[in-house]
Amino acid sequence: MKRLRPHMPRCALVAVLLATGATAGARMDLTTLPNKDRSELTIYNSQDLTLGRETRTLSFRKGTNQIQFSWANTQIDPTSLQLDLKGTKGLTLLDSSYPKGTNEVIVWTIEAEAETSAAVEITYFVCGLTWSSNYVLVANKDETTFDARQFTRVTNNSGEDFEKAHVRVVVGDVNLVQRLADIIAEWNARFPSRASGGSAIGSALLGRRDLGLLQDEAKASRDKDANPRKANEAGLELSEAKQIFKQAVSEYRVFAVEGEEELQNGWSKALPNPQLSQIPFDLSYELDSRRYGPQVLKFYKLQNDAKHKLGTEVFPEGNYYVYRADDRGGNAFEGTAWHKYVPQGEKIELNLGNDGLVVVEDRELARQRSAFAFDPDGNRIGWDETVTRQFDVKNSRERAVPFRFTYYPGGNDFRVADGNDARFLPPEQNRVADVTASEPTHTQVDRQTVRWELTLPAQSTTPIKLTYVLHYGTNAKAN
Amino acid sequence: MKKNSPLILVAILAALPITGFARTKLVTLPDRAKLVTSLENPRFTLLYEEREIPLQQGTNYVDFAWNGVSIDANSVMIELLTNPGDGDTATKIIATGFPPNEQALTWQLYSPAARTERIRVSYLLNGISQDTSYEIRMNQKETAGDFQQYFRMQNASGEDLDNAIVRLPLMDDLTRSMDSGEVRRFLASRVPELPIKKVFIARPGYDVFLGEDGENIDLVYEIENKTEAGLGKYKLPNGKARLYGDDGMNSSIFLGEDMLRQTPPKEKAELTLGKVKDVVLKRRLMKDERTNVKTNNRKETVMFDQVRQVRYEIENFKEEPVTLKINETLNGDWEIQEITEAGVKTERKSLSELVVSVDLPANKKGEKAEKKVVDITFVIKNRFPGEK
């Protein structure tokens, strides 16, 4: 079984230096393949979008110079390619051209006033690089604090191997007029690549580029075959996990990975963030049928603030794997939860699902009709129903637990229509509820929502009683 | 017999010559020092294994690969047990690599010295399921039973669990070997003399009156999940319960089975085993009238009160007194207007459930059974047309 395929970079930069006044044949005698001085990848997660940036130092001859950049079998947006001469005096970018007969090559033409050497920067958008965050939480046995670690995972399916790249990941929603994959597909459909033919400069340069690259690749391939793992680890010996620096830019958050990374096509790499220790949180069981359905769910709740030993950084959206220390020297798996992006100061609610240890039994004890209203023809158009229910909340755990119960007396799908709308609704479907009594006392969240926040003693049944009046039809309108 | 071990853990030592990284020359680690199968979460199986691995000074790579088993790759974790922490002498986890098209990952570890490190690798493994079942052996008087709760584990994961510690929520750790494809059952708890109450319950439909044919009467055993009875420490999970009865001939018969529904501590569980033949209930609708009828201008009914009289004719052919419970299903704003028989108890459990309890005397041998007739009249107020 072979895990690591030979390293095969697909992007290539070729400089063709054209002496002023040289003949067409003479212009191809100076082809170089300059190394990257610096490579940087800025990976977004809201779109399949990565901003690639390469800095290279090129030598220019006096006169017209051409630089070719090719990207065979990679997912680079051809319309995004930019060359920045970084303001070097005496260099002028004359034009950019995409040679006929190929859809994976761009040629920049640069006029040099004198022979010089300069650093240039190439930027482009590329698809197929993604990143995500995963979190591992281990709560203590009593479920009062947890230790947590965030992992930033970068996956490269771009078709390109990136060597010694500075990796930055971006949290935030970026707007695109058109998806990159669509742009690339349209480009390839409009400008299909041909195996032969094309312009003299295009085919000639491709030929030279192939030759130069093959020599280079052969060496790289030998090295990487000999040491495939090292190829994926930037060849550096690290005694500490890399730091991940976090910075706010406009409405985005940028997480920059320390140093350089080697990202081979097809690989993912997870980098651990520093551990957060003994973070206090609140355990809560909750029933809210409109938000979560009919089952009682277990939550870990906290706030991204100083009170919870947090608040200095944001947490990107991601999956949380939650464990709890058992009393036998191991961990019990509590569940997984996805959580959205958490800014500083925002609350975190990890929904760990239904563990069956807190259940609620709902019994309707009474329902009495009254306050009937009739139209002039004697038809019933409104009435009230006084309803009494009892919820028996049963806690099977050997510890007291907080319980939050949100209830909608008018039903999860209630509708209140006023004015003309009310005439088109059957009276049964037009209803509002008024709570008249509860034990223990409820909190009125809004017109149609009541809530209790209780502590359930260990292994107990706690009754909650509620009486409310449902106003139907014209009675609903009147109320 | 060769064990099926689709999990492979290998260490690759950075100090080896570069050519040593070919996979055929990888260092295979010693066998698992400890393997724990945690079934504390009924929906997920967490496995963790501990191993002693030799680390070279500097960077080390530890491969974890699997084949033929289903593992949530995102759940795979490594913990350093010998030299954890952030200090200079600690072993550090630098990064985790996930290769393309392989069920594997590679941890990059840094060790400040050549030494042995005990690591714990944990992961969520699919294919191991669990359920609970119960066996109850009733005494001859049917007042108590030998209650046994079993835990069954089915290993269809593809992984053989060799000398694994099985960690269950209700019991002490067990050490068992369990091959893939194997099913094992463990006795989780036992109460030799659990008090059990035998009751007869009829559950007629609201509008279904079988008259002379008689209603079905269920044979029900009630058990309480409470400490006084020998239980009550944990909830009883859902599971099939099989009951056997002492036949008085040094043997037993199968009484029947039912699903025991999840029962929290201090709650009661009901097991319905079969039908009762020696108690007969005939239920008849004697009256169904509308009163206080209100009509609109077209003489159409818009609301009314309903009066229903239900008759129970009950006979006990057993030579012992019994209590028959009749669970009536009702709806609307109802109340009992009249009960003709003294001593009949009613309990309004909810708006939709009324329990009528009737005590029946023992039948004297050779005599005709006494028939008890009970009439209950219900008034249901403010009904709308179309409502039953």
Side-chain angles (χ1 to χ4, degrees), chain A residues 1-4 134 136 151 153 155 226-230 232-233 237-242 265-272 274-275 319 321 323 326 328 330-335 353 355-357 359 363-370 372 374 377-380 383 394-396 398 459-461, chain B residues 12 14 18-19 21 23 36 38 40-46 48 58-59 61 74-75 77 86 92-102 104 106 108 110 112 122 124 167 173 232-235 237 262 264-267 294-298 302-303 332-333 348-352 381-382 384:
Chain A
M1 183 171 59
K2 185 170 177 61
R3 172 174 297 175
L4 291 167
N134 282 328
V136 174
F151 293 86
R153 179 168 168 171
T155 302
N227 187 356
R229 287 166 200 289
K230 209 159 183 177
N232 197 47
E233 304 298 343
E237 178 159 284
L238 297 171
S239 60
E240 295 281 350
K242 287 186 176 180
N265 185 45
W267 277 75
S268 289
K269 183 182 276 191
L271 301 164
Q275 175 160 306
N319 282 314
Y321 285 75
Y323 302 81
D326 60 23
R328 297 182 248 192
N331 295 331
F333 184 65
E334 287 292 312
D355 66 4
L357 297 175
V359 296
R363 285 186 293 154
E364 188 173 294
L365 300 181
R367 182 178 287 255
Q368 295 172 326
R369 287 170 172 162
S370 62
F372 295 97
F374 299 92
D377 293 330
N379 295 308
R380 175 177 36 83
W383 71 93
K394 298 176 178 180
N395 174 23
S396 295
E398 293 177 273
Q459 299 197 330
S460 66
T461 297
Chain B
I12 303 150
I18 284 175
T19 51
F21 282 103
R23 280 185 84 93
V36 177
S38 168
E40 292 165 286
N41 187 324
R43 292 174 296 153
F44 302 93
T45 303
L46 175 69
Y48 45 89
T59 301
Y61 295 94
N74 284 316
S75 74
M77 275 202 311
D86 296 323
K92 307 280 174 54
I93 304 165
I94 306 301
T96 310
F98 300 84
N101 307 318
E102 278 189 56
T106 301
Q108 183 184 355
Y110 176 81
S122 64
L124 297 175
R167 185 153 293 169
D173 286 352
K233 197 172 178 188
Y234 306 102
K235 71 166 183 178
Q262 174 177 299
K266 301 177 186 170
E267 294 287 319
K294 182 166 181 55
T295 59
N296 62 15
N297 293 351
R298 295 190 298 278
V302 293
M303 55 190 289
D333 179 12
R348 183 178 171 130
K349 292 260 187 185
S350 71
L351 191 63
S352 59
K381 292 179 184 168
N382 298 319
F384 297 159

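Hydrogens, waters and symmetry mates are skipped; everything else that's a heavy atom, side chains included, is used. Residue numbers start from 1 in every chain, and the chains themselves are labelled A, B, ... in the order their sequence lines are given, proteins ahead of strands.
- Contact annotation for Ser75(B): both backbone and side-chain heavy atoms come within less than 4.5 Å of a heavy atom of chain A.
- For Phe151(A), no part lies under 4.5 angstrom from a heavy atom of chain B.
- For the pair Phe98(B) and Arg153(A), the minimum side-chain heavy-atom distance is below 4.5 Å.
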Original post:
Could you walk me through whether Asn296(B) and Arg380(A) pass the side chain to side chain donor-acceptor pair (under 3.5 Å) check?
Top reply: CA-CA 8 Å; Asn296(B) 62 15; Arg380(A) 175 177 36 83; over 6 Å; no

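- In this structure, chain B has no heavy atom under 4.5 Å from any part of Gln275(A).
- In terms of heavy-atom pairs under 4.5 Å with chain A, the best-connected choice from Ile93(B), Thr295(B), Asn382(B) is Asn382(B).
- Not one N or O on the side chain of Arg369(A) forms a donor-acceptor pair closer than 3.5 Å with the backbone of Gly332(B).
- At a threshold of 4.5 Å between non-hydrogen side-chain atoms, the residues Glu334(A) and Phe44(B) do not count as touching.
- The minimum heavy-atom distance linking Glu40(B) with Ala332(A) is given by the pair OE1-CB, 3.4 Å.
- In this structure, the portion of Asp355(A) lying under 4.5 Å from any heavy atom of chain B is its backbone and not its side chain.
- Of the atoms belonging to Val36(B), not a single heavy atom falls under 4.5 Å from chain A.
- Considering every non-hydrogen atom in both Pro264(B) and Val359(A), the closest pair reads CG-CG2, 4.4 Å.
- When each of Arg167(B), Arg348(B), Met303(B) is scored by its heavy-atom pairs under 4.5 Å with chain A, the top score falls to Arg167(B).
- The candidate with the highest count of non-hydrogen atom pairs below 4.5 Å against chain A, out of Thr45(B), Val302(B), Asn297(B), is Asn297(B).
- For Phe333(A), the parts lying under 4.5 angstrom from a heavy atom of chain B are both the backbone and the side chain.
- A salt bridge does not link Arg298(B) to Asp377(A): none of the charged nitrogens lies less than 4.0 Å from a carboxylate oxygen.
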Subject >> Verdict with reasoning, Lys269(A) to Thr96(B), per side chain to side chain contact (heavy atoms under 4.5 Å, CB included) >> reply: CA-CA 6 Å; Lys269(A) 183 182 276 191; Thr96(B) 310; over 6 Å; no

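- Looking at Asp173(B), the atoms closer than 4.5 Å to chain A (heavy atoms on both sides) sit in the backbone and in the side chain alike.
- Within the 4.5 angstrom heavy-atom criterion, only side-chain atoms of Thr461(A), from C-beta onward, approach chain B.
- Minimum interatomic distance between Ile94(B) and Pro272(A) (heavy atoms only, all atoms of both residues): O-CD, 3.2 Å.
- Counting heavy atoms from C-beta on, the side chains of Tyr234(B) and Ser396(A) never come closer than 4.5 Å.
- What you find for Ser350(B) and Arg363(A) is that their closest heavy atoms are CB-CB, 4.1 Å.
- Judged by the 6.0 Å and 45° rule, Lys294(B) forms no cation-pi pair with Phe372(A).
- Arg367(A) places no side-chain N or O within 3.5 Å of a backbone atom of Leu351(B) that could act as its donor or acceptor partner.
- Open room surrounds CG on Asn101(B); 12 or fewer heavy atoms of other groups in view lie less than 6.0 Å from it.
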**OP:** Take Tyr323(A) and Leu46(B) through the side chain to side chain contact (heavy atoms under 4.5 Å, CB included) test and state the conclusion after the steps.
**Re:** CA-CA 10 Å; Tyr323(A) 302 81; Leu46(B) 175 69; 3.8 Å; yes

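- Heavy-atom distances place the side chain of Asn134(A), and not its backbone, under 4.5 Å from chain B.
- In terms of modelled atom types and a separation under 3.5 Å, the side chain of Gln459(A) and the main chain of Lys233(B) share a donor-acceptor contact.
- Put simply, of Asn319(A), Val136(A), Asn331(A), Asn395(A), the one with the most heavy-atom pairs under 4.5 Å next to chain B is Asn331(A).
- For the options Asp326(A), Thr155(A), Leu357(A), heavy-atom pairs under 4.5 Å to chain B are most numerous at Asp326(A).
- Lys266(B) touches chain A through its side chain: at least one heavy atom from C-beta onward sits under 4.5 Å away, while N, CA, C and O do not.
- How far NZ of Lys394(A) is from CD of Glu267(B): 3.0 Å, rounded to the nearest 0.5 Å.
- Using a 4.5 Å cut-off on side-chain heavy atoms (C-beta onward), Gln368(A) and Lys381(B) make no contact.
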